[in-house]
Protein chains: 2
Amino acid sequence: MHTVRRPPAMRDVAHLAGVSHQTVSRVVNDHPNVRSETRARVLAAMRALDYQPNAAARTLATNRSQTVGLVTFDTTLFGPSFMVHAIERAAREAGYFVSIASAREPDVPQVREAIRRLREQAVEGIVTLAPVAAAWTALRQEPLDVPIVGLGIASGEADGVPMVAIDNAAGAALATRHLLGLGHATVHHVAGPANWPEARERQAGWRAALEEANRPAPAALTGDWSAAAGYDAGLALAERTDVTAVFCANDQMAIGVLRALHEAGRRVPRDVSVVGFDDVPEAPYLLPPLTTVRQDFAELGRHSLALLVDQISTGARRSEQQRCAPSLIVRGSTTAVR
Amino acid sequence: MHTVRRPPAMRDVAHLAGVSHQTVSRVVNDHPNVRSETRARVLAAMRALDYQPNAAARTLATNRSQTVGLVTFDTTLFGPSFMVHAIERAAREAGYFVSIASAREPDVPQVREAIRRLREQAVEGIVTLAPVAAAWTALRQEPLDVPIVGLGIASGEADGVPMVAIDNAAGAALATRHLLGLGHATVHHVAGPANWPEARERQAGWRAALEEANRPAPAALTGDWSAAAGYDAGLALAERTDVTAVFCANDQMAIGVLRALHEAGRRVPRDVSVVGFDDVPEAPYLLPPLTTVRQDFAELGRHSLALLVDQISTGARRSEQQRCAPSLIVRGSTTAVR
DNA sequence: CTGTTAGCGCTTTCAA
DNA sequence: TTGAAAGCGCTAACAG
């Protein structure tokens with residue numbers, strides 16, 4: 001007789017344990033009404049066969065996939081990459097699998113396509129690491145028959161969609177006030193791309209802090225978050241001898257600015273003070289060590305998943321925004337104006 | 001009459017189009033034997049209802065989940081984070097979803113647990129971004145009823161399991177020969193953790209290149225890939241005035257070394273030349289711009305998925321190793337010995 | 001406490 | 001070219 005090679009199913013366990021497959025199901029799902037002796041027999045059979053429940057069958061029967069989707073971008077940015085792990089860990093602890101769908105470009109069609117793919121897998125909720133306005137538009141266009149949480153999306157655009165983000169404006173203000181407090185007449189800004197709400201929030205926070213101190217706000221330069229863009233901005237800044245303080249919207253651009261200032265013969269922090277944003281692991285080891293605004297990416301990831309799971313389990317739709325407080329880490333790239 | 005709120009199923013589409021659900025299935029799966037007029041009607045009905053196939057039902061019926069699993073680590077390293085995207089994109093293009101399972105620590109139980117979770121979801125194959133010996137042990141212990149591909153795992157330990165990796169020894173030799181060619185008497189090495197095969201391969205490549213040139217191989221220092229570890233190693237190196245060339249097993253440690261040498265008053269590249277490994281995006285903008293060995297992470301990701309898909313579709317088990325060639329990128333952190 | 005029955009939404013096989 | 005029937009492995013509802 002030939003036995004087909006297939007993974008053991010519940011019926012096989014049931015057969016071996018001498019019970020019905022239903023009883024096996026009860027054991028698997030920790031139902032209370034199973035005699036402990038029966039349970040033990042079933043567990044033994046499960047072990048003997050190396051039984052693994054079939055997720056597809058369970059999903060089909062319960063209409064619950066135990067999976068959450070994660071929309072990511074094809075980015076080399078530190079924050080998003082890091083948060084993937086934090087989210088996966090939080091999901092695992094909450095009993096969910098994580099399925100990812102990445103969009104190459106942060107435009108509306110690609111984000112919608114990513115969401116479509118995730119829904120096809122019947123994910124129970126979606127976290128989108130999509131801090132781009134286009135992603136946001138896509139979210140609002142979705143039927144939203146599934147809970148969605150945005151990670152790092154600016155408040156103004158979050159019409160009724162729950163989100164978790166750092167308080168970018170507060171972080172930018174922290175950086176700007178720090179520089180003003182060191183005696184700098186004003187603070188220049190290297191901003192992120194205008195289609196990123198986080199970039200706009202940081203720029204707004206910088207501007208507000210300057211206004212609060214009655215200082216003129218110079219025109220901001222804009223980069224794409226990369227060190228290369230920071231380098232270009234830094235060269236432009238270096239041409240102006242009145243520039244003594246620069247706040248960059250992220251650490252990678254700050255690295256480029258440091259490089260450009262160095263090439264132009266302007267010393268940091270002696271001639272120019274520089275502040276970044278993120279606190280990447282390398283920040284303390286740059287030349288000079290970078291003063292920066294720290295984001296707790298792990299916390300952001302955990303919070304977003306908690307918010308999602310809450311929506312999934314209560315069935316409620318939230319529209320709240322959770323803001324995490326950033327902190328300023330002062331290192332060697334800033335000093336009192338001479 | 002009350003209609004229950006549930007996503008449209010195939011039967012609903014069939015009903016609307018006036019055909020059997022079977023015909024709808026044929027349309028969905030692009031079967032040839034459907035009259036084009038019928039097909040059009042079905043497609044119209046699908047659009048009208050915004051029909052989405054139920055992945056769980058399909059998986060249950062076909063025993064194919066169209067999903068590949070990805071084992072990752074809770075790391076802030078650039079390479080692994082970046083490869084996640086490359087793999088996801090390649091998977092999408094090949095018609096697969098990607099489910100991730102991350103292990104907090106690279107030890108055997110956690111890797112096995114990650115693999116167990118993925119198998120529970122009936123993934124058709126697994127890519128493991130687990131360049132750690134423990135992960136490797138775990139892979140070999142698995143029943144392997146599902147194809148597995150390792151990414152970045154050293155050859156010696158890859159008994160019969162297919163893998164894709166950069167040629168670490170060749171990359172290390174490239175770096176070492178470059179330094180020797182500049183006239184340095186020998187090259188010191190800041191190695192990665194000994195339980196990472198990649199670290200061991202790089203160390204072996206460095207040692208081999210020295211031996212090939214009949215140079216003494218100094219004792220290697222070991223770090224954990226972080227800039228902090230590089231800093232510590234750099235301080236130790238700076239105490240020895242005979243050190244003129246350092247090859248670091250990754251760029252992050254090189255950043256720490258640059259910092260430490262600077263603090264110790266040793267100038268790079270004037271007094272000491274430094275080479276990294278990876279070519280992170282910031283490398284050209286460091287002070288000085290970092291000479292380093294470039295890995296094409298995107299290519300590694302694509303290759304690993306191609307190898308996996310090949311195994312899935314042919315049903316064959318491979319044990320081949322694909323090695324990608326690294327290249328040396330010479331920048332400002334290395335120069336001829338004085 | 002345990003077993004029986006009836007689907008979940010889809011694909012596969014066979015028949016028409 | 002289309003339809004009918006059976007079953008993938010599991011859970012929910014009910015019966016005992």
Side-chain angles (χ1 to χ4, degrees), chain A residues 3-43 45-46 49-67 95 97 119-124, chain B residues 4-43 45-46 49-67 95 97 119-124 145:
Chain A
T3 52
V4 184
R5 189 81 184 96
R6 60 157 177 71
M10 208 169 248
R11 61 141 62 90
D12 302 313
V13 176
H15 192 80
L16 182 60
V19 298
S20 74
H21 74 278
Q22 191 47 242
T23 298
V24 177
S25 170
R26 290 196 180 96
V27 170
V28 168
N29 294 291
D30 274 330
H31 276 243
N33 291 348
V34 180
R35 201 162 33 139
S36 69
E37 194 251 327
T38 310
R39 176 184 307 274
R41 224 167 53 229
V42 169
L43 288 173
M46 284 174 29
L49 296 176
D50 191 23
Y51 169 72
Q52 287 226 319
N54 179 316
R58 178 187 298 218
T59 297
L60 188 58
T62 59
N63 200 26
R64 297 206 44 204
S65 62
Q66 299 186 100
T67 299
F97 300 111
R119 297 203 334 167
E120 188 177 329
Q121 293 178 86
V123 298
E124 296 186 38
Chain B
V4 183
R5 189 82 185 98
R6 59 157 176 70
M10 208 170 247
R11 61 142 60 90
D12 303 312
V13 176
H15 193 79
L16 182 60
V19 298
S20 75
H21 76 275
Q22 193 43 242
T23 300
V24 177
S25 171
R26 292 196 179 95
V27 171
V28 168
N29 294 293
D30 274 329
H31 277 244
N33 293 346
V34 180
R35 200 162 35 134
S36 70
E37 194 250 329
T38 309
R39 178 185 306 276
R41 226 168 50 230
V42 169
L43 288 173
M46 282 173 34
L49 295 176
D50 191 23
Y51 169 71
Q52 289 226 318
N54 180 315
R58 177 186 299 216
T59 298
L60 188 58
T62 60
N63 201 26
R64 296 206 43 204
S65 61
Q66 299 185 99
T67 300
F97 299 111
R119 299 202 334 168
E120 188 176 328
Q121 294 178 86
V123 297
E124 296 186 37
D145 52 358

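Below, chain A is the first sequence line, B the second, and so on; all start at residue 1.
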Sorted by number, residues from residues 12-28 of chain B placing a heavy atom under 4.0 Å from DNA chain C are B:H21, B:Q22, B:S25
In whole angstrom, give the distance that lies between atom [atom1] of [X] and atom [atom2] of [N].
{"X": "A:M10", "N": "C:dC8", "atom1": "CE", "atom2": "P", "value": "19 Å"}
{"X": "B:R11", "N": "D:dG3", "atom1": "CZ", "atom2": "P", "value": "16 Å"}
{"X": "B:M46", "N": "C:dC10", "atom1": "CE", "atom2": "C1'", "value": "14 Å"}
{"X": "B:H31", "N": "C:dT11", "atom1": "NE2", "atom2": "P", "value": "8 Å"}

Among residues 53-64 of chain A, which ones have heavy-atom contacts with DNA chain D below 4.0 Å?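 Result for residues 53-64 of chain A: A:P53, A:N54, A:A57, A:R58, A:A61, A:T62, sorted by number.
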Proximity to DNA chain D (any heavy atom under 4.0 Å), residues of residues 33-40 of chain B only: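 Per residue number, the list reads B:N33, B:V34, B:R35, B:T38.
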For [X] and [Y], which heavy atoms make the closest approach, and how far apart are they?
{"X": "B:E124", "Y": "B:Q66", "result": "OE2-N, 2.6 Å"}
{"X": "A:A55", "Y": "B:E120", "result": "CB-O, 3.3 Å"}
{"X": "B:L49", "Y": "B:P8", "result": "O-CG, 3.3 Å"}
{"X": "B:T59", "Y": "A:A56", "result": "CG2-CB, 3.5 Å"}
{"X": "B:A17", "Y": "B:A45", "result": "CB-CB, 3.9 Å"}

A:V19 vs A:R39 side-chain heavy atoms within contact, under 4.5 Å: no
Do B:L43 and B:M46 come close enough that some side-chain heavy atom pair is under 4.5 Å? yes
Estimate the overall bend of the helix from C:dC1-D:dG16 to C:dA16-D:dT1 from the end axes over five pairs each, rounded to 10 degrees. 40°
Distance (rounded to the nearest 0.5 Å) between [X] [atom1] and [Y] [atom2]:
{"X": "A:R58", "Y": "B:Q121", "atom1": "CZ", "atom2": "CD", "value": "11.5 Å"}
{"X": "A:N33", "Y": "A:T38", "atom1": "CG", "atom2": "OG1", "value": "11.5 Å"}
{"X": "B:H21", "Y": "B:D12", "atom1": "NE2", "atom2": "CG", "value": "12.0 Å"}

Can you sort out the partners of B:R11 under salt bridge (Lys or Arg N to Asp or Glu O under 4.0 Å), two or more places apart, ordered by chain and number? none
List in chain and number order the residues that pass salt bridge (Lys or Arg N to Asp or Glu O under 4.0 Å) with A:R26, two or more places apart in sequence or in another chain; answer none if no residue qualifies. none
Check this one for me: any side-chain N or O of B:Y51 less than 4.0 Å away from OP1 or OP2 of C:dG9?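 No, no such contact exists.
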Determine whether more than 12 heavy atoms belonging to other residues, nucleotides or ligands lie under 6.0 Å from atom CG of B:N29. yes
